[in-house]
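Keep in mind it's a predicted model, so treat the numbers as computed, not measured. Starting from 1, each residue takes its place in the sequence as its number.
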Amino acid sequence: MNELELILTDIFKCSRTNLYLNASSVVFKKREFKSFDRILRNRGRGIPLQYILGYTEFMGLGLKVKKGVLIPRPETEILVETIIEKTKNLRLSAKGEKTKNLTILDIGTGSGCIAIALAKFLERVDIIATDISKEALDLARENAQSHNVVENINFLQSDFFIHHFFKTKIKFDIIVSNPPYVPTFEIGIFDNTTAKEPKVALNGGIDGLDFYRRLSKYAGKFLRKGGLLFLELGYGQAEKVKEIFSQGWTIEGFKKDYQGIERVCIINYG
Ligand code: GLN
């Protein structure tokens with residue numbers, strides 16, 4: 001949906017189809033004008049529409065969003081779809097372990113979009129979702145509750161692997177992350193809505209690659225042999241990420257987004 005459709009379906013509490021089918025009943029009275037005016041004023045101040053409305057859609061799931069937490073992007077759906085696709089093979093290769101739940105670690109879960117979509121679309125999963133931000137975790141928990149997947153997801157406030165939970169010898173089948181990957185000086189330059197989003201979810205350091213370096217160093221310890229690491233990447237980062245993961249890891253491949261940008265990287269451990 002485009003922004004105007006999103007605004008109108010919100011104001012008139014109807015679906016996009018109904019907006020067009022019943023166009024004659026889309027009449028602005030005082031209440032509708034007031035809402036429209038409020039939304040446009042905030043939009044004019046550069047506030048992302050998703051923050052104004054308080055929700056967005058991710059893989060067909062309605063999720064709450066709010067200032068202070070990164071807004072889920074369509075590109076991240078490709079990351080989730082890639083995991084769903086690959087997981088089928090992973091399960092097939094885990095002979096004799098058919099009854100075992102798949103264990104997944106989601107680092108930097110934000111609104112919870114990745115963890116919740118995986119819990120919804122994959123069966124038998126145990127997910128740990130971490131974030132450094134308590135605000136994000138509270139929202140992610142709320143979103144998990146509204147999609148009935150709290151049983152499958154444990155939320156942990158942790159900066160990467162700092163939490164004492166990671167002192168145990170836990171190993172996951174899958175680690176996934178959409179880490180902050182925007183180079184510091186680029187934040188808010190190309191896309192002014194990001195200027196209103198939390199820096200902690202965007203800032204990947206001088207070259208945007210800080211978190212890939214950290215992951216290449218520490219994530220292997222928490223993956224079982226043959227486990228997979230799925231990462232979202234920023235524009236033009238594929239070659240550099242390849243280099244960063246050149247030791248101890250094998251790059252399985254990349255997935256492009258709708259603009260032909262290599263957006264997802266699949267990396268094999270061991
Ligand atoms: N995709 C976001 C952007 O380009 C960045 C999200 C991130 O850093 N993981 O604005």
Side-chain angles (χ1 to χ4, degrees), residues 68-73 75-80 82-83 104-115 118 127-137 139-140 155-163 165-166 170-172 174-191 194-195 197-223 227-255 257 261-269:
V69 183
L70 190 81
I71 299 164
R73 309 284 207 272
E75 290 85 14
T76 307
E77 295 181 349
I78 302 170
L79 178 64
V80 173
T82 308
I83 297 173
I104 302 175
L105 171 65
D106 172 18
I107 302 175
T109 197
S111 63
C113 60
I114 296 173
L118 289 174
I127 302 175
I128 306 273
T130 71
D131 207 287
I132 193 170
S133 151
K134 181 174 181 304
E135 223 179 330
L137 286 173
L139 184 75
F155 294 98
L156 273 191
Q157 189 174 7
S158 180
D159 177 13
F160 269 67
F161 303 106
I162 305 284
H163 196 281
F165 167 79
F166 294 105
I170 181 127
K171 298 222 187 262
F172 295 88
I174 288 173
I175 298 181
V176 53
S177 187
N178 171 17
Y181 56 63
V182 183
T184 312
F185 74 93
E186 278 183 23
I187 296 174
I189 288 186
F190 300 118
D191 170 5
T194 55
E197 291 185 286
K199 302 272 175 299
V200 68
L202 296 163
N203 190 357
I206 291 177
D207 59 0
L209 301 166
D210 280 4
F211 291 88
Y212 303 112
R213 289 190 199 97
R214 277 174 85 177
L215 282 163
S216 74
K217 216 164 154 191
Y218 302 111
K221 233 179 104 187
F222 302 99
L223 264 180
L228 291 171
L229 172 63
F230 294 85
L231 299 174
E232 181 171 321
L233 314 182
Y235 174 74
Q237 292 177 332
E239 280 310 309
K240 291 165 200 148
V241 167
K242 228 185 212 173
E243 229 175 272
I244 290 172
F245 284 90
S246 59
Q247 274 173 26
W249 301 87
T250 316
I251 304 274
E252 276 214 1
F254 294 95
K255 269 269 166 78
D257 67 13
I261 295 166
E262 279 158 331
R263 184 61 70 185
V264 172
C265 186
I266 308 151
I267 314 173
N268 200 305
Y269 180 65

Please lay out, stage by stage, how Leu229 and Leu223 fare under the test side-chain contact (heavy atoms from CB on, under 4.5 Å).
CA-CA 8 Å; Leu229 172 63; Leu223 264 180; 4.2 Å; yes

Donor-acceptor contact below 3.5 Å, side chain Ser158 vs main chain Thr130:
no

To the closest 0.5 Å, what do you measure between CD1 (Ile187) and CG (Asn203)?
4.0 Å

Can you check whether Arg263 reaches Lys255 side chain to side chain, under 4.5 Å on heavy atoms?
no

Only one of Ile128, Asp106, Leu105 clears side chain to side chain contact (heavy atoms under 4.5 Å, CB included) with Ile175; which?
Leu105

Measure from the side-chain N and O atoms of Gln157 to the backbone N and O of Ile132, and report whether any donor-acceptor pair falls under 3.5 Å.
yes

Indicate yes or no: at least one non-hydrogen side-chain atom of Asp257 is less than 4.5 angstrom from one of Glu232.
no

Let's go through Asn268 and Leu228 carefully: what are the C-alpha distance in whole Å and the side-chain angles of both, what is the deciding distance for side-chain contact (heavy atoms from CB on, under 4.5 Å) to 0.1 Å, and is it a yes or a no?
CA-CA 5 Å; Asn268 200 305; Leu228 291 171; 3.8 Å; yes

Please check this pair: side chain of Glu197 against backbone of Ile71, looking for a donor-acceptor N/O pair closer than 3.5 Å.
yes

Shortest non-hydrogen pair, Thr82 vs Ile78, comes out as OG1-O, 2.6 Å

When you look at Phe160 and Phe166, which way does the ring-ring contact (aromatic ring centres under 6.0 Å, His included) test go after all the steps?
CA-CA 9 Å; Phe160 269 67; Phe166 294 105; 9.6 Å; no

Minimum heavy-atom separation for Tyr212 to Leu233, with atom names?
OH-CA, 3.4 Å

Find out whether Arg214 and Asp159 are in side-chain contact, i.e. whether some heavy atom of one side chain is under 4.5 Å from a heavy atom of the other.
yes

Please confirm whether the backbone N or O of Thr109 pairs with a side-chain atom of Asp131, one donor and one acceptor, at under 3.5 Å?
yes

Smallest separation among heavy atoms of Cys265 and Ile251, with atom names:
SG-CD1, 3.9 Å

Please report the interatomic distance CD1(Ile174) to CD1(Ile104), rounded to the nearest 0.5 Å.
4.5 Å

If every non-hydrogen atom of Gly68 is compared with every non-hydrogen atom of Pro198, which pair is closest and at what distance?
O-CG, 3.3 Å

Count the heavy atoms of every other residue, nucleotide or ligand shown that sit under 6.0 Å from OH of Tyr218, and state whether that count exceeds 12.
no

Kindly assign one of parallel, tilted or perpendicular to the pair Phe161 and Phe222, based on the angle between their ring planes and the thresholds 30° and 60°.
parallel

Show the nearest heavy-atom pair for residues Tyr269 and Gly220, with the distance to one decimal.
CE2-O, 3.2 Å

Which heavy atom of Ala140 sits nearest a heavy atom of Gly110, and at what distance?
CB-O, 3.5 Å

Checking Tyr235 now: which residues fulfil side chain to side chain contact (heavy atoms under 4.5 Å, CB included) with it, not counting sequence neighbours?
Ile261

side-chain contact (heavy atoms from CB on, under 4.5 Å) for Arg73 and Leu79? Distances and angles first, verdict last.
CA-CA 11 Å; Arg73 309 284 207 272; Leu79 178 64; over 6 Å; no

Within a strict 4.5 Å, meaning less than it, do heavy atoms of the Leu231 and Phe211 side chains meet?
no

Using the side-chain contact (heavy atoms from CB on, under 4.5 Å) rule, take Leu215 and Ile107 through it: C-alpha gap first, then chi angles, then the decisive distance, then the call.
CA-CA 10 Å; Leu215 282 163; Ile107 302 175; 3.8 Å; yes

Run the side-chain donor-acceptor check on residues 237-245: report pairs under 3.5 Å with partners two or more places apart or on a different chain.
unit_1	atom_1	unit_2	atom_2	d
Gln237	OE1	Gly234	N	2.6
Gln237	NE2	Tyr181	O	2.9

Determine whether more than 12 heavy atoms belonging to other residues, nucleotides or ligands lie under 6.0 Å from atom NZ of Lys134.
no

